[in-house]
Structures are given as C-alpha cells and as structure tokens.
Trainee: 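Supplied in structure tokens, the structure appears directly below.
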Number of protein chains: 2
Amino acid sequence: MLNERSLAISQECGDCPIRHKAVCARCETDELERLEEIKYYRKFEAGQTVIWSGDRMDFVGSVVSGIATLTQTMEDGRTQMVGLLLPSDFVGRPGRSSAAYDVVATTDLVMCCFRKAPFEDMMTRTPHIAERLLEMTLDELDAAREWMLVLGRKTAREKIASLLSIIARRDASLHLRRSDGPIVFDLPLTREAMADYLGLTLETVSRQISALRKDGVIALEGKRHVTIPDMERLLEEAGDDADGGMLA
Amino acid sequence: MLNERSLAISQECGDCPIRHKAVCARCETDELERLEEIKYYRKFEAGQTVIWSGDRMDFVGSVVSGIATLTQTMEDGRTQMVGLLLPSDFVGRPGRSSAAYDVVATTDLVMCCFRKAPFEDMMTRTPHIAERLLEMTLDELDAAREWMLVLGRKTAREKIASLLSIIARRDASLHLRRSDGPIVFDLPLTREAMADYLGLTLETVSRQISALRKDGVIALEGKRHVTIPDMERLLEEAGDDADGGMLA
DNA sequence: TTTCATTCTTGATCTGGGTCAATGCCACGC
DNA sequence: GCGTGGCATTGACCCAGATCAAGAATGAAA
C-alpha cells in the first residue's frame, strides 16, 4: 500500500462543498474569505488510506469527489464499515485530536481540508458553523442508527436492497436526477466492501445480487453497472416503508 | 398502555444533570439562572412510552434517573434498539420538530426537560451550549458506530459480553466505583430488550447468559443481579482489545 | 395458598448464511 | 496471442442462531 502521507496538495478545485453546503451557507463574506485562505486540497488514489484509526488527525474536511469509507477492525481481522463518505460529506471532528476509524479511499478521491486549529478558531468566532456541524452530526447519527436496524434485523436480501437504495438515492441527489423512470449508476464498492458494510460475506453478497437480478429487481451490465427499473420495488425488497425510511 | 401525556410535572428534583454535565458547565451564572427558570421535570413509570416515533416533540431534556430505550420498528414487527439512555444522557435534537424513534421507559424514569423553543433561543445566545451539544452528539455517534461493529460482526456470546461490559462501565461511572475488584449491578433490561439491542432472539440471549455463567465469566443471583468477578475476562469474551474498545 | 401472568430457561429441530473450494471473467503487461 | 492477478460467481457442505414447544421461576392479586 502506498504511504498515505505522500499526498498531492493542490489549489485548483473550484467546487468546494464545505463552502457551498457544509459550513458556510449562512456566514458573512469575510468569514467565507477566511475559510478560503486556510483551505487546501488533498488527493488520494483508489485504495489509499486517508488516515488510520488512532493516528493524530490535524485536519477536518469534506469530500469533493470520489468515495471513501470509514471502517473498524477487530484484532482477529473482522471488519465492519461504519460509514460511507460521498461527495459533500464531512470528515473529522472538531475537538478530537485522533481519528476513531480507518478512512480509506475506494475510488480516486479529492478532499477539501482545513487545518484543525484555525478551523476551530473560526468555529468559536462564528456560531453558525457550530450549529451547522451539529446539524450534520445529527444527520450522521440518524444514518448510523438506521444502519443499526439493517445490521441487526434485516435478511441478506434486504440488506443488499437497502444498500442499493441508499447508493441510488445519494447518487440521484448528487446528479439532481428526476426521481421517476429507471435509475442507473455504477456501484462504487467491491463485493467485499459491500459485505463489510452489511455484516455479510462477499459470497453472500454475490449470491443475493444474482438473486435480485434473476428476480428482475435490478439489472446488471458487467459487475458494477446497475439499473433499477422500479425504485418502489427495490424499497419493498429492502423492507422499508415506501415513503419514509432510509435517509442520506 | 398508559397515555404518555398524563405526566406528573414536579419541581423537587435537585440533581439535574443538564445543569451539571450536559449543557452548562461553562456558562455564565445568569444563563444558568435562565435555564433553571425554564426547566421542568417529567416522570414515567416502567413500560410507559415517553414519545412515539414521528410524534411532534416540543422538548429536549436529559435523564435524571431510571433507564429509557430508543427503538426502531419495521412494519412486520421486527424491532431494533438503537440507543440506551442512562442517567445524564440527552434526548431530543435542537432543530428537529418530531421524534425519530420510539422512546420507552424500561424502569421508572425521571427526565429534566426544557421546552424546545426557549432552549434553542438560549442556544443561539450561548455558543458554549451548541459546542457542548456537538460534543455529546459526537460521543453518541461514536457509540452508535461501535455498536454497528457489535451488530455486524460479533457472535452471540461476544454480543452479550459487550452489552454487559457497557452496562457495567456505565453503572460504575454513575456510582463512582473503583475499577478493580468484582463489579456488581442489576440488569436494567429484560432478556427481550437485550435481544432487541443485540439483534438476537430472547432465547439466544438466555442461552448465552447461561453459558457465560457456567463458564464463570459472570455470576447471577436471580434473573437480574449480576456479578462480574473479572472485568478483563469479560472484555476478552467481548472481543475488545482490553484497553481501548467500548465507549460510554 | 392458590391462581394467574410474566419472564426466563431449556430442549429439539430447522435454516440462512458462513466456509471452503473450484471456476469464470476481465483488464493488464509482455 | 497468452499469462497473471484481482474481482466475481457458483456449488457443496456445515453450523450458529432462529424457530417451535414445553416447562420452571417469580411475584402480584385474590
């Protein structure tokens, strides 16, 4: 594995979700300017580790493009993914100095980062930021608890359907797609990563995906390209009540 | 079931964790006074529902004494507990108007509450409060993610040991016990509630508790009174690395 | 003290998903 | 063209935990 500290830092990305979505929606212009001054970009290749659990973490940031995962590992190697980071998701916690989980780029990844100290300074000067962070953290907490239901009580087939519906939803909101008509996207995860997210083995993931395909719930082109002809049907398979249910 | 709105509201509880731990540790005296003015108490009997998922929730608060659970239920009745509320834990989210989960008192319960509107007013006036809430929410998020590992990857025996070690730890910190020597406490949950927390059936919970007793990892007096002769041993059984691991 | 209702325990059996193993399918570099 | 290595699929078998079923504690009410 490449050394995760050998990172390109660049300035050219113009689409910073921190600025637009995560933190500054309601800040005054001069605070926005200050944010611009302290921000920088980090790029990772697919497979690279962004940070190891327990490592000192001196930045916070958000995903600009690509996908990263948050995972926990037991001593004997069993691993559980505890979060999926898609563009606009925030990483890192103000007030904590070390990472609680392994963060791994599963695709090529660009993050917009701020060194923690100046970011925290700004947080104390700008109450909106703390409030916005609280809101985002509450969303993450809800997503984690929703996932506890998936892990604790759903069957393998329901787990797969739940994961597909979450990815489909996030992907749709990312690309501002219409919600009717078939949904098409590329799976950003290997079968093994899906298994780690769902508390299954990769064989079971493969079998259940094949079963869903055979039953016409999804269509597959190659191993990763997925078409969902009927989202309602998928949500039924996931065991969600059609309207409420899965978030983020 | 009793109507959860027929509640005693009283003023006599002198040990309010909101004041001491949850919110006001660093606030100025006059804000403390204002908090005192808007707070009130609600009492529930064991088995009463504090609030139903989806109900309008016009208060926030924290547990003074007793235990409550946060649960999610699927249409077909499968339920998953997503949180265990012990004294000093916070309930409710500023900025959200309805409850996301069922909150049920599993023992007699006293909560210290604030109507949401004045509480939020005070939050905007007192940045410390938003920061403290962010910190607490991050702790809850870590606990939820830790629990995802339990649900997704641990065996039934490890799940039981994990739950017992969490309860033991919380109970110890509540009563300021020494950490060496045998730990003694009463299980605040039925076998069924434990099963709902662990993603198991109540039969499996019962069997695994019997097995842990037979193996000398725990001792039982009656159905609920637990003695843990060796905490290290229990943590091993839980699959945690002895030092780090389980939080809160 | 005798109901009666909970809650818990234990046994017998079944099954969903894990485990182990073989094979297929690309996309690479050569 | 032809290895080679990293996913992915599929099959055969097994086992941890679910399910079904029968009691046993406990304790409150009568």
Side-chain angles (χ1 to χ4, degrees), chain A residues 1-2 45-48 74 76-80 104 106-107 150-164 186-215 218-226 237 239, chain B residues 1 45-47 74 76-80 106-108 150-164 186-215 218-226 237 239:
Chain A
M1 174 127 19
L2 297 172
E45 288 168 31
Q48 254 187 314
M74 295 172 66
D76 62 7
R78 282 177 280 176
T79 71
Q80 175 65 49
V104 180
T106 58
T107 65
V150 173
L151 290 172
R153 292 302 185 194
K154 291 194 175 179
T155 64
R157 174 183 261 244
E158 288 170 334
K159 285 178 174 181
I160 299 287
S162 297
L163 180 57
L164 290 175
D186 283 306
L187 275 177
L189 301 173
T190 64
R191 300 291 187 264
E192 187 180 24
M194 294 175 70
D196 283 344
Y197 204 14
L198 296 167
L200 298 169
T201 60
L202 67 92
E203 292 95 331
T204 298
V205 169
S206 182
R207 274 187 252 273
Q208 295 298 336
I209 287 180
S210 298
L212 288 174
R213 176 162 47 76
K214 196 161 54 188
D215 296 348
I218 61 173
L220 273 183
E221 214 170 313
K223 295 156 194 282
R224 300 291 192 88
H225 194 75
V226 179
E237 292 285 351
Chain B
M1 175 134 9
E45 287 168 32
M74 294 171 67
D76 61 7
R78 281 177 281 176
T79 71
Q80 176 65 50
T106 57
T107 64
D108 288 352
V150 173
L151 290 172
R153 292 301 184 194
K154 291 194 176 180
T155 65
R157 174 183 262 244
E158 289 170 334
K159 285 177 174 182
I160 299 287
S162 296
L163 179 56
L164 290 176
D186 283 305
L187 275 177
L189 301 173
T190 64
R191 301 290 187 263
E192 187 180 25
M194 294 175 70
D196 284 343
Y197 203 14
L198 296 166
L200 299 169
T201 60
L202 67 91
E203 293 94 329
T204 298
V205 169
S206 181
R207 274 186 250 274
Q208 294 298 335
I209 287 180
S210 296
L212 288 174
R213 175 162 48 76
K214 195 161 54 188
D215 297 347
I218 60 173
L220 274 182
E221 214 171 313
K223 293 156 194 284
R224 300 289 193 88
H225 194 74
V226 179
E237 291 286 350

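Predicted model only: the values in this text are computed from it and were never measured. Proteins get letters first, then strands, A, B, ... in listed order; numbering begins at 1 in each.
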Trainee: Along DNA chain D, 5' to 3', what are the outermost nucleotides having an atom less than 4.0 Å from a heavy atom of chain A?
Mentor: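 First-to-last contact on DNA chain D, by the 4.0 Å heavy-atom rule, is D:dA8 to D:dA12.
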Trainee: Donor-acceptor pairs under 3.5 Å, side chain of residues 207-214 of chain B to any protein atom, not counting sequence neighbours: which ones?
Mentor:
residue: B:S210; atom: OG; partner: B:S206; partner atom: O; Å: 3.1

Trainee: Between the protein and nucleotides 27-29 of chain C, are there any N/O to N/O pairs under 3.5 Å, and if so, what are the atom names and distances?
Mentor:
none

Trainee: Could you encode protein contacts along nucleotides 9-20 of chain C as a string, one character per nucleotide from 5' to 3', using B for base contact, S for sugar-phosphate-only contact and - for no contact, with a heavy-atom cut-off of under 4.0 Å?
Mentor: BBBB----SSBB
Trainee: Under 4.5 Å between any side-chain heavy atoms of B:L151 and A:V150, yes or no?
Mentor: no
Trainee: One pair to check against side chain to side chain contact (heavy atoms under 4.5 Å, CB included): A:K154 and B:M74. What are the steps and the verdict?
Mentor: CA-CA 10 Å; A:K154 291 194 175 179; B:M74 294 171 67; 4.0 Å; yes
Trainee: Closer than 4.0 angstrom, basic N to acidic O: yes or no for A:E158 and B:R78?
Mentor: yes
Trainee: Any side-chain heavy atom of A:E45 within less than 4.5 Å of one from A:T107?
Mentor: no
Trainee: Name every donor-acceptor pair, under 3.5 Å, that has one atom in a side chain of residues 189-203 of chain A and the other anywhere in the protein, sequence neighbours excluded.
Mentor:
residue: A:T190; atom: OG1; partner: A:E192; partner atom: N; Å: 3.4
residue: A:T190; atom: OG1; partner: A:A193; partner atom: N; Å: 3.0
residue: A:R191; atom: NH1; partner: A:K223; partner atom: O; Å: 3.3
residue: A:R191; atom: NH2; partner: A:K223; partner atom: O; Å: 2.8
residue: A:D196; atom: OD1; partner: A:T79; partner atom: OG1; Å: 3.1
residue: A:D196; atom: OD1; partner: B:R153; partner atom: NH2; Å: 3.2
residue: A:D196; atom: OD2; partner: A:T79; partner atom: OG1; Å: 3.1
residue: A:T201; atom: OG1; partner: A:T204; partner atom: N; Å: 3.3
residue: A:T201; atom: OG1; partner: A:T204; partner atom: OG1; Å: 3.1

Trainee: Mind grabbing the angle between the end helix axes of the helix from C:dT1-D:dA30 to C:dC30-D:dG1? Five pairs an end, 10° rounding.
Mentor: 30°
